[in-house]
Participant: 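Provided herewith is a single structure, encoded as structure tokens, for subsequent inquiry.
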Protein chains: 2
Amino acid sequence: MPSTDETSGWRVGRLARATGVTVRTLHHYETIGVLVPSGRSEAGHRLYADADLRRLYRIVALRELGMSLAQIRETLDDGADLGAVLRAHLVHVERSIDRRRALRDRLARLCTRAEEGISTDDLVTTIEGMAMHERYFTKEQRETLARRWDELGGDAVGRTEEEWRKLAAALRGHMEAGDDPSAPAVRPLAQRARELVRAFTGGDPAMYASLERMYQNEDPGTVSRGVMDGEVMAYLRRALGALPHAG
Amino acid sequence: MPSTDETSGWRVGRLARATGVTVRTLHHYETIGVLVPSGRSEAGHRLYADADLRRLYRIVALRELGMSLAQIRETLDDGADLGAVLRAHLVHVERSIDRRRALRDRLARLCTRAEEGISTDDLVTTIEGMAMHERYFTKEQRETLARRWDELGGDAVGRTEEEWRKLAAALRGHMEAGDDPSAPAVRPLAQRARELVRAFTGGDPAMYASLERMYQNEDPGTVSRGVMDGEVMAYLRRALGALPHAG
DNA sequence: CCTTGCACCTCACGTAACGTGAGGTTCTAC
DNA sequence: GTAGAACCTCACGTTACGTGAGGTGCAAGG
């Protein structure tokens with residue numbers, strides 16, 4: 001009759017201290033059925049057997065791997081293949097990391113912009129721009145971009161945007177001075193622009209196609225995040241077209 | 001009197017469709033005070049003004065950055081510095097990514113082990129070991145150890161553990177026989193122990209320092225995964241100390 | 001005039017994994 | 001015998017809503 005065995009067994013407080021969880025947690029685990037003490041004393045106090053202790057160790061281990069208590073219960077009760085469960089969970093965690101990374105990238109870009117002084121309205125437009133990216137690039141492409149971005153670091157990304165801004169200003173200068181887009185003075189600017197675009201696409205034609213579609217369909221000011229307007233954009237397109245094919 | 005203005009203003013359903021949130025969400029935002037409609041119709045229907053619409057766009061934008069509604073409310077109401085808020089949130093997100101990544105690494109290692117066939121008990125000891133390792137070894141050191149382990153293969157690792165077990169038993173024999181730790185009969189055991197430790201550290205002094213710190217601070221039985229207890233450990237230390245310096 | 005149907009309303013419970021009391025009982029040591 | 005530690009059972013609070021339940025307001029059709 002293990003349910004009335006008072007001579008041995010752990011009481012909640014001891015078990016809690018021994019395993020690093022709280023008494024409340026053990027209560028909770030009982031109510032949801034993930035760890036039911038194998039006995040009670042006459043006074044109604046919980047009594048945990050050694051088997052309960054071992055089960056608790058496993059619960060804590062799986063919990064620290066980020067699994068839900070419901071999953072833990074299934075895994076322990078149904079004797080599921082632990083390897084398969086862990087592999088599935090690994091996939092889950094990796095996806096969540098990707099999502100967090102995408103979020104981190106968005107925040108990082110916003111923060112670099114914030115140093116130039118960002119208003120709440122800018123915030124809205126910037127986030128809309130990010131949502132726009134998600135409409136034109138596939139998930140894989142966005143992940144590739146995120147990784148590349150990650151390797152470069154926030155500074156380099158900020159410098160690139162700053163360079164685009166200067167490029168745009170220079171192009172506008174030439175345009176307003178009436179220079180032809182194929183003029184020798186414009187050529188280095190176009191060449192640098194082509195390099196920057198190539199750095200973005202990584203030379204991947206599919207990536208380039210996505211970028212093109214985005215620039216074709218969306219408002220130039222929005223898509224370039226205010227770096228250039230439609231006029232400068234058109235001027236740059238002509239300058240790029242006048243470039244010899246191999247860079 | 002905007003609170004009775006019925007001629008203009010958005011009703012919940014329209015506003016919800018326009019912004020991509022649900023009606024229930026708008027109800028919720030009102031109860032927690034993050035977006036209170038600026039008016040009601042005579043029948044008690046919510047009426048949102050254009051200012052409410054703009055506020056909702058901001059709320060959604062900040063929400064998609066992973067901020068809590070309470071934070072959003074503070075940020076929008078107190079006119080807090082958006083840049084500072086975003087930077088703080090970025091730090092928060094980066095920390096959470098680091099935690100997830102550490103978790104991913106643990107899971108990945110467990111999965112590779114699972115292919116060799118892992119029991120739930122192994123899981124517990126392995127996870128405890130990993131948690132302990134992470135407190136004493138740097139990330140680089142752990143990667144180095146993982147590679148070395150991988151190259152050796154599971155068999156070699158098992159043999160090493162078996163050898164430690166035999167070493168511990170032999171040391172315990174000498175100890176209980178009253179032999180001095182510096183006795184000639186103990187010397188070859190200590191020398192072999194030193195070789196095994198050297199194989200673990202790969203001769204790296206920093207790795208050795210980390211290992212030392214771990215053995216100094218943790219319970220001998222736990223850290224050696226049950227191979228030796230505190231007494232045998234102390235005996236081995238004295239035996240190692242009695243060894244000539246160059247091996 | 002009545003019904004159908006849609007948009008709207010206000011409760012109010014459920015979610016995950018416990019934290020934090022509240023109020024009462026039992027065990028243990030002095 | 002009594003103090004204090006340990007135990008017990010409710011039961012509400014946390015996040016950001018989802019999901020009905022049951023009722024009202026308003027326009028169109030029969």
Side-chain angles (χ1 to χ4, degrees), chain A residues 3-37 39-48 52 56 59-76 89 92-93 96 99 103, chain B residues 3-4 6-7 9-37 39-48 52 56 58-76 89 92-93 96 99:
Chain A
S3 66
T4 58
D5 181 3
E6 286 185 50
T7 62
S8 84
W10 302 68
R11 297 211 310 276
V12 262
R14 268 181 208 293
L15 185 63
R17 276 196 300 278
T19 58
V21 306
T22 69
V23 170
R24 176 65 180 106
T25 296
L26 292 174
H27 287 182
H28 183 58
Y29 287 178
E30 182 179 359
T31 65
I32 65 174
V34 71
L35 179 66
V36 180
R40 290 273 186 153
S41 75
E42 272 190 21
H45 293 188
R46 291 165 180 82
L47 292 177
Y48 294 87
D52 297 333
L56 180 54
I59 293 167
V60 171
L62 290 171
R63 190 190 60 175
E64 283 177 357
L65 292 176
M67 287 177 57
S68 76
L69 293 176
Q71 280 180 320
I72 291 172
R73 189 163 90 108
E74 283 178 33
T75 305
L76 293 182
H89 190 53
H92 175 73
V93 168
S96 98
R99 282 198 304 271
L103 175 61
Chain B
S3 65
T4 57
E6 286 184 50
T7 60
W10 303 68
R11 295 211 310 278
V12 262
R14 269 182 205 294
L15 184 63
R17 276 196 301 278
T19 58
V21 305
T22 70
V23 171
R24 177 65 179 103
T25 297
L26 292 174
H27 287 182
H28 182 58
Y29 288 179
E30 182 180 359
T31 64
I32 65 173
V34 71
L35 179 67
V36 180
R40 291 273 183 153
S41 76
E42 271 190 23
H45 293 186
R46 291 166 180 80
L47 292 177
Y48 294 87
D52 296 334
L56 180 54
R58 293 171 190 177
I59 292 167
V60 171
L62 290 170
R63 189 191 60 175
E64 284 177 357
L65 293 177
M67 286 178 57
S68 77
L69 294 176
Q71 280 179 322
I72 292 173
R73 187 162 91 108
E74 283 177 32
T75 305
L76 293 182
H89 190 53
H92 176 71
V93 169
S96 100
R99 282 198 304 271

Participant: Please check the phosphate of C:dT26 (OP1 and OP2 only) for any side-chain N or O of A:S41 closer than 4.0 Å.
Facilitator: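 No, because none of the side-chain N or O atoms of A:S41 sits under 4.0 Å from OP1 or OP2 of C:dT26.
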Participant: May I ask you to verify if any side-chain N or O of B:R46 is less than 4.0 angstrom from the OP1 or OP2 atom of C:dC9?
Facilitator: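 So the side chain of B:R46 is within the cut-off, an N or O lying under 4.0 Å from OP1 or OP2 of C:dC9.
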Participant: Roughly how far apart are A:I59 CD1 and A:L69 CG, rounded to 0.5 Å?
Facilitator: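 Rounded to the nearest 0.5 Å, the CD1-CG separation comes out at 8.0 Å.
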Participant: Quick one, A:L56 and A:Y48 - any side-chain contact, counting heavy atoms below 4.5 Å?
Facilitator: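 SC-SC contact between A:L56 and A:Y48 ruled out.
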Participant: Does B:R40 make a side-chain N or O approach to OP1 or OP2 of C:dT10 shorter than 4.0 Å?
Facilitator: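 Answer yes for this pair, as a side-chain N or O of B:R40 is under 4.0 Å from OP1 or OP2.
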Participant: For residues 9-18 of chain B, dump all side-chain donor-acceptor pairs below 3.5 Å to protein atoms at least two apart in sequence or in another chain.
Facilitator:
| unit_1 | atom_1 | unit_2 | atom_2 | d |
| --- | --- | --- | --- | --- |
| B:W10 | NE1 | B:D50 | OD1 | 3.3 |

Participant: Can you tell me how far P of C:dC9 sits from CD of B:E42, to the nearest Å?
Facilitator: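 Spelled out: CD on B:E42 to P on C:dC9 is 15 Å.
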Participant: Who passes side chain to side chain contact (heavy atoms under 4.5 Å, CB included) against B:H89, sequence neighbours left out?
Facilitator: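 Only A:L107, B:M67, B:H92, B:V93 meet the side chain to side chain contact (heavy atoms under 4.5 Å, CB included) criterion with B:H89.
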Participant: Name all residues meeting the side chain to side chain donor-acceptor pair (under 3.5 Å) criterion together with A:T75; count only those two or more places apart in sequence or in a different chain, and write none if there are none.
Facilitator: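 Per chain and number, A:T75 pairs via side chain to side chain donor-acceptor pair (under 3.5 Å) with no residue.
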Participant: With sequence neighbours excluded, what pairs up with A:T19 under the side chain to side chain donor-acceptor pair (under 3.5 Å) test?
Facilitator: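 Side chain to side chain donor-acceptor pair (under 3.5 Å) list for A:T19, sorted by chain: empty.
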Participant: Collect all protein-nucleotide pairs involving nucleotides 22-25 of chain D in which both atoms are nitrogen or oxygen and the distance is under 3.5 Å.
Facilitator:
none

Participant: When the distance from CZ of A:R11 to C1' of C:dT25 is rounded to whole Å, what number comes out?
Facilitator: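 It works out to 14 Å between those atoms.
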Participant: Nearest-Å distance, CG (B:L35) to P (D:dC17)?
Facilitator: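 From B:L35 CG to D:dC17 P: 12 Å.
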Participant: Describe the nucleic acid contact of B:V12 in one word from base, sugar-phosphate, nothing, applying a heavy-atom distance below 4.0 Å.
Facilitator: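 B:V12: backbone/sugar contact only, no base atoms under 4.0 Å.
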Participant: Without decimals, in angstroms, what is the distance between A:L15 CG and D:dA6 P?
Facilitator: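 That distance rounds to 15 Å.
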Participant: Quick one: bend of the helix from C:dC1-D:dG30 to C:dC30-D:dG1 from 5 pairs per end, to 10°?
Facilitator: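 It comes to 40° between the two terminal axes.
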Participant: So do A:V34 and A:L76 actually touch side chain to side chain, heavy atoms under 4.5 Å?
Facilitator: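 A:L76 vs A:V34: side chains apart.
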Participant: Between B:P37 and B:L47, which heavy-atom pair has the shortest distance, and what is it?
Facilitator: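 Scanning both residues completely, I find the closest heavy atoms to be CB-O, 3.5 Å.
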Participant: Hey, can you pull the residues of residues 59-75 of chain A with a non-hydrogen atom under 4.0 angstrom from DNA chain C?
Facilitator: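 Here the set is A:R63, A:S68, A:L69.
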Participant: Near DNA chain C, under 4.0 Å by heavy atom, which residues of residues 24-33 of chain A?
Facilitator: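 Hits under 4.0 Å, by residue number: A:R24, A:T25, A:H28, A:Y29.
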Participant: Mind checking the OG1-CG spacing from B:T25 to B:L35? Nearest 0.5 Å is all I need.
Facilitator: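 Output value for this atom pair is 11.0 Å.
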Participant: Can you pull out every side chain to side chain donor-acceptor pair (under 3.5 Å) where at least one residue sits in residues 60-73 of chain B? Sequence neighbours excluded, please.
Facilitator: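 Those involving residues 60-73 of chain B are B:Y29-B:R63.
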Participant: Just jot down the salt bridge (Lys or Arg N to Asp or Glu O under 4.0 Å) partners of B:E30, sequence neighbours excluded, or say none.
Facilitator: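 Checked B:E30 against salt bridge (Lys or Arg N to Asp or Glu O under 4.0 Å); matches are B:R40, B:R46.
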Participant: Kindly say if B:R14 contacts the phosphate of C:dC6, meaning a side-chain N or O under 4.0 Å from OP1 or OP2.
Facilitator: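 For B:R14, the contact criterion (side-chain N or O under 4.0 Å from OP1 or OP2 of C:dC6) is not met.
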